[in-house]
Structures are given as C-alpha cells and as structure tokens.
Enquirer: 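The structure follows.
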Amino acid sequence: MNTTKSRADADIEISAVIPCLDEARTIGICVQKAQRSFAAMGVAGEVVVVDNGSTDDSAQVARNLGARVIHEPVKGYGMALHTGIEAARGRIIVMGDGDDSYDWAAIAPFIAKVNEGYDLVGGNRFRGGIEPGAMPLLHRYVGTPLLSALIRLAFGVKLGDVQCGMRAFTREAYARMRTASPGMEFVAEMVITAAHQGLRVAEVPTPLYRDKRGRPPHLRTFRDGWRNLRLILTHAPDYLYLVPGALLLAAGLSLQMLLVRGPVEIGGVYFGIHYLALGAMLSLVGFNVLNLGVLAKAVMAQRFPALKSRVLNLLTGRYTLEFGLIGGMVLMLLGIAVDAAILVERIANPGRAMENTVHLAFVATTIVVLGLNLAFSAFLLAMMLARGRNRN
C-alpha cells in the first residue's frame, strides 16, 4: 500500500470508502451523511466512491456531490473496496455500503475507537439493533452467528459480528493485513488477517437499516457463505490439519500397538487383521494431514510475519533439515530391520505359514512409509523455513 502523501493529502484525516454498483437511488444520501459526519467532528475528510461497473448514473450523482469517484472494472465487493482503500488519502479509513443500510452520519464512535489505539474497529449490528426486514432470517440467526463463532474460536478475536460491512481502520493497519479476497469474504478476511498480524481489534454497536436500493442484493447466501467458510478453513491450519491429523495418527498408532503381536478380543469383540489394516490407514492419513498442517503453518508465517504459534516457535527455534532426515531414517531403518528379520525367518523356514508374523509385518511396513514421508517432507519444510528467514 502506497503511504507516500502530498501536502494536500496530509490534511485529510478521514477517508470514507464506499463501493458502488447501481446505487443511484442511495449513493447521494451516503455521500452527504459522510460529509456531515466530517463537519460534525471538525475534521478534514474525503468521500471515495468506487464504481464497480454501474449501468445507472451512480458515479455522476456521487461526483456532483463532491465525492472522488474511482472506477474498478473487475467485479467484486472485495476488489472495489481494495481499490478504494488503496486510493484513499486519510489516516483513518471508514468503509461501508452505499445502499444506506449503514448510517454514515454516525461514524464518530468508530473514529473515537481508532483514536484510542485500536487498529481495526468493526460494527456490531446485533448490539446496535437490526431493523425488521434489514437482514434475512437465515443470515441473522444462522449464517452470521455461526461464521462469527468460528472466527472467534479459530483466531481468538473477541467480536460478536465479524460480518458487519461498516468498520474503521488506519492506513498502516490495512497495509499489514494484506487482504486478497475479491468478493464478499473480504470483510471476514480483514478480521482474520488482523488477528494473524497481532493487530488490536474492537467493535462498536451500529444499527442496520433496511436498504433503499430498490433492487435485489448482490449477496448470494450459499455462494458467499461457502466462500467465507473456505476462507476461515484455509487460514486456520490448526483446525483444518493439525487437530484432525493428530487424532487420526493417534488412533491409528493405538490400533497398531494393540494388534502388533496378533489378534485380541476385548469385551467379546474380536480385533484382527482388518482392524490392523484400518490402523495402518489411519496412521498414514493422519501423519500426512498433520504434515500438511506443519507446511501450511510455514506458508502462513511467510505471509504474516507477526503470527504467533507454538508450532512455529518450535519449527523456527529447533527444527533443522538434519533433524527431519535423521527421524525419517530411524523410522525407515527400524521398519526395514523388522521386515528383514521376517524375511530371514521365511527363507529359513520356507514351508511354514508364518501367520504369527503378519501383524508385525503390517506395522513394520507402515513405519517404513511414515519414515519415507518424514524424510522427503523435511526437505520441503526446510526450504520454506529458509525462505521465510531470508524475507525477514
């Protein structure tokens, strides 16, 4: 983000950034409300309207009222906001919709919270009040509460409404967020990346009114809901990879340890070769999922240098390529040695069925594969960690 300012730009304290797509009926209302807010607070401000391909006279309406109009030809809520934020000249940026569903005349609490030292201040529509008909029931009682709960759990942010489209933040904070989402998920990404970068996040009550646009909304419930869920999962490797992988690996290893010497019967249930095969599968799948989680953590550390994680601390503080290679080699040699001993016994006794060694061979072969995976992935992990250190 370009933070170089001219002398004229330096006089602007607040930029109101409004994405716009066929909002001719309401964009003027929003521009005038934002301008009245600047006057009431006694600060110099600008209104930046980002036209995202309107077919009506939205851009001209905004321009006639003194807004600076920028055109973003690539469709998308996130694309429009990113373009507008990049072009904004104020120290503090306030974003919100152009359909008059948010009250641009009441942005002072957002600004006050930013001036207290918070980097990102979101609105909470549930605390501010939702006008009847302003939010679909599915969004109000299922979608938004569920997505907000997931983000609180996965990223530790104490926000009750992570989907609110009105929020304020500093230019410097946005530069650190490194957002990349082109669609409606942009709003959630701001919160997630702010959490990863250790930014101070807060929220203030804000009301939500019925929009006055007179056309269907741009939001698509299931498409945009999936995009938000996808974003959360890809930014939360602990819950997508590490926890499931560890559970699968633990279950698989437990089954194999139980059955390594042969079938057992517990509580009248017979555990034989089929359960051993299941244990081998769970061990291999669990290890690979866990391994992907470690690699994902390394990737995220490159994008978010301030990210705090016990896994990352362990990797950056103690992990070396040699450690991974030695661990992999030890596992491979152990498994090969067991398989070799079984082979020697087979050669010495070609006529024996040797069914008592089947379970042990299963476990030994699984250990060999785990060792191979560990050794080869060690090279990729070491390369990624070295790249991250070079960037820093």
Enquirer: Please confirm whether the backbone N or O of Phe110 pairs with a side-chain atom of Arg167, one donor and one acceptor, at under 3.5 Å?
Expert: no

Enquirer: Report yes if some heavy atom in the side chain of Leu81 is under 4.5 Å from a heavy atom in the side chain of Pro19; otherwise report no.
Expert: yes

Enquirer: Remaining members of Phe379's ILVMFWY cluster at a side-chain heavy-atom cut-off under 4.5 Å?
Expert: Leu321, Leu325

Enquirer: Nearest 0.5 Å please: distance from the OG atom of Ser37 over to the CD1 atom of Ile111.
Expert: 9.0 Å

Enquirer: Decide yes or no for Val50 and Glu86: does some side-chain heavy atom of the first lie under 4.5 Å from some side-chain heavy atom of the second?
Expert: no

Enquirer: Which atom names give the shortest non-hydrogen contact between Ala364 and Asp339, and what distance separates them?
Expert: CB-OD1, 3.4 Å

Enquirer: In the hydrophobic clustering that connects Ile, Leu, Val, Met, Phe, Trp and Tyr at side-chain heavy-atom distances below 4.5 Å, which members other than Leu153 occupy its cluster, ordered by chain and number?
Expert: Tyr239

Enquirer: Looking at side-chain heavy atoms only, is the closest gap between Phe169 and Met177 below 4.5 Å?
Expert: yes

Enquirer: Does the side chain of Asn349 come under 3.5 Å of the side chain of Glu345 through a donor N or O and an acceptor N or O?
Expert: no

Enquirer: Quick check against the 3.5 Å criterion: does Thr320 have a side-chain atom that pairs as donor or acceptor with the backbone of Phe323?
Expert: yes

Enquirer: Mark yes or no for whether Glu46, through its side chain, and Ile12, through its backbone, hold a donor-acceptor pair below 3.5 Å.
Expert: no

Enquirer: Please, which pairs that meet ring-ring contact (aromatic ring centres under 6.0 Å, His included) have at least one residue in residues 189-212, sequence neighbours excluded?
Expert: Phe155-His196, His196-Phe304

Enquirer: If two hydrophobic side chains count as joined below 4.5 Å and joins carry through other members, does Phe38 share a cluster with Ile27?
Expert: yes

Enquirer: How far apart are the closest heavy atoms of Val69 and Ala59, and which atoms are they?
Expert: CG2-O, 3.6 Å

Enquirer: Do you know the tightest heavy-atom contact between Leu312 and Leu307?
Expert: CD1-CD2, 3.6 Å

Enquirer: Say whether, by atom type as modelled, one donor and one acceptor occur between the side chain of Thr193 and the main chain of Met190 under 3.5 angstrom.
Expert: yes

Enquirer: Please give me the minimum heavy-atom distance between Ala16 and Ala34, naming the atom from each residue.
Expert: CB-CB, 4.1 Å

Enquirer: Hydrophobic clustering (ILVMFWY, side-chain heavy atoms < 4.5 Å, transitive) - are Leu159 and Val121 grouped together?
Expert: no

Enquirer: Can you tell me if Asp22 and Ser58 form a side-chain donor-acceptor pair at under 3.5 Å?
Expert: no

Enquirer: Is a salt bridge present between Glu131 and Arg210, judged by a nitrogen-to-oxygen distance below 4.0 Å?
Expert: no

Enquirer: Working to the nearest 0.5 Å, report the span between CD1 of Ile232 and CD of Glu189.
Expert: 11.5 Å

Enquirer: Does the distance from a Lys or Arg side-chain N to an Asp or Glu carboxylate O, for Asp119 and Arg176, drop under 4.0 Å?
Expert: no

Enquirer: Atom CZ of residue position Arg346 - does it have more than 12 heavy atoms of other residues, nucleotides or ligands inside 6.0 Å?
Expert: yes

Enquirer: Quick one: side chain to side chain donor-acceptor pair (under 3.5 Å) partners of Thr179, sequence neighbours excluded?
Expert: Tyr174

Enquirer: Name every donor-acceptor pair, under 3.5 Å, that has one atom in a side chain of residues 262-276 and the other anywhere in the protein, sequence neighbours excluded.
Expert:
none

Enquirer: Mind checking salt bridge (charged side-chain N to carboxylate O under 4.0 Å, His left out) for Glu72 and listing every partner two or more places apart, or none if nothing turns up?
Expert: none

Enquirer: Are Met166 and Ile107 packed together at the side-chain level, in the sense that at least one heavy-atom pair is separated by less than 4.5 angstrom?
Expert: yes

Enquirer: Apply the hydrophobic cluster definition, ILVMFWY joined by side-chain contacts under 4.5 Å directly or through others, and give me every member besides Val368.
Expert: Met329, Met332, Ile336, Leu372, Phe376

Enquirer: Same cluster or not: Ile342 versus Val369, using hydrophobic residues (I, L, V, M, F, W, Y) connected whenever any side-chain heavy atoms lie under 4.5 Å apart?
Expert: yes

Enquirer: Starting from the C-alpha separation in whole Å, work towards a yes-or-no answer on side-chain contact (heavy atoms from CB on, under 4.5 Å) for Leu374 and Leu331.
Expert: CA-CA 9 Å; Leu374 179 60; Leu331 288 175; 4.3 Å; yes

Enquirer: How many angstroms lie between atom CZ of Arg171 and atom CD1 of Ile93, to the nearest 0.5 angstrom?
Expert: 5.5 Å

Enquirer: So, Asn124 side chain and Arg127 main chain: donor-acceptor pair closer than 3.5 Å or not?
Expert: yes

Enquirer: Let me confirm one number: the CG-CZ distance from Asp11 to Arg91, rounded to the nearest 0.5 Å.
Expert: 13.5 Å

Enquirer: Taking Arg140's backbone N and O only, do any of them form a donor-acceptor pair with Thr144's side chain (distance below 3.5 Å, no angle check)?
Expert: no

Enquirer: Are any side-chain N or O atoms of Ser181 and backbone N or O atoms of Phe186, one a donor and one an acceptor, separated by less than 3.5 Å?
Expert: no

Enquirer: Strictly by side-chain hydrogen bond (donor to acceptor under 3.5 Å, both in side chains), give each pair with a member in residues 27-36 just once, sequence neighbours left out.
Expert: Lys33-Asp100

Enquirer: Name all residues meeting the side-chain contact (heavy atoms from CB on, under 4.5 Å) criterion together with Arg152; count only those two or more places apart in sequence or in a different chain, and write none if there are none.
Expert: Ser148, Ala149

Enquirer: Tell me which pairs pass side-chain hydrogen bond (donor to acceptor under 3.5 Å, both in side chains) where either residue lies in residues 223-235, with sequence neighbours left out.
Expert: Gln163-Asn228, His235-Arg303

Enquirer: Okay, side chain of Ser15, backbone of Arg89: is any donor-acceptor separation there less than 3.5 Å?
Expert: yes

Enquirer: When you look at Glu23 and Cys20, which way does the side-chain contact (heavy atoms from CB on, under 4.5 Å) test go after all the steps?
Expert: CA-CA 6 Å; Glu23 314 277 8; Cys20 176; 3.7 Å; yes

Enquirer: Are Leu229 and Leu150 close enough, and set up right, to give a side-chain contact (heavy atoms from CB on, under 4.5 Å), and what steps lead you there?
Expert: CA-CA 9 Å; Leu229 181 59; Leu150 287 174; 3.9 Å; yes

Enquirer: Between atom CG of Leu233 and atom OH of Tyr241, what is the distance when rounded to the nearest 0.5 Å?
Expert: 9.0 Å

Enquirer: Quick one: which residue pairs count as a ring-ring contact (aromatic ring centres under 6.0 Å, His included) with a foot in residues 125-150, not counting sequence neighbours?
Expert: none

Enquirer: In Å, rounded to the nearest 0.5 Å, how long is the span from CG of Asp51 to CD1 of Ile18?
Expert: 12.5 Å

Enquirer: Testing the basics here: between Val94 and Ala168, what is the closest heavy-atom pair and its distance to 0.1 Å?
Expert: CG2-CB, 4.0 Å

Enquirer: Show the atom names and distances, to 0.1 Å, of all donor-acceptor pairs under 3.5 Å that link a side chain in residues 278-296 to residues at least two apart or in another chain.
Expert:
residue, atom, partner, partner atom, Å
Ser283, OG, Gly252, O, 3.4
Ser283, OG, Leu253, N, 3.2
Ser283, OG, Gln256, NE2, 2.9
Ser283, OG, Gly279, O, 2.8
Asn288, ND2, Leu284, O, 2.7
Asn291, ND2, Ser377, OG, 3.2

Enquirer: Go through the steps for Leu120 and Leu199 under the test side-chain contact (heavy atoms from CB on, under 4.5 Å), then give the verdict.
Expert: CA-CA 7 Å; Leu120 173 65; Leu199 302 181; 5.8 Å; no

Enquirer: So does Arg125 get a backbone contact from the side chain of Asp161, meaning a donor-acceptor N/O pair under 3.5 Å?
Expert: yes

Enquirer: Can we say Glu203 and Lys113 salt-bridge, meaning some charged N sits less than 4.0 Å from an Asp/Glu carboxylate O?
Expert: no

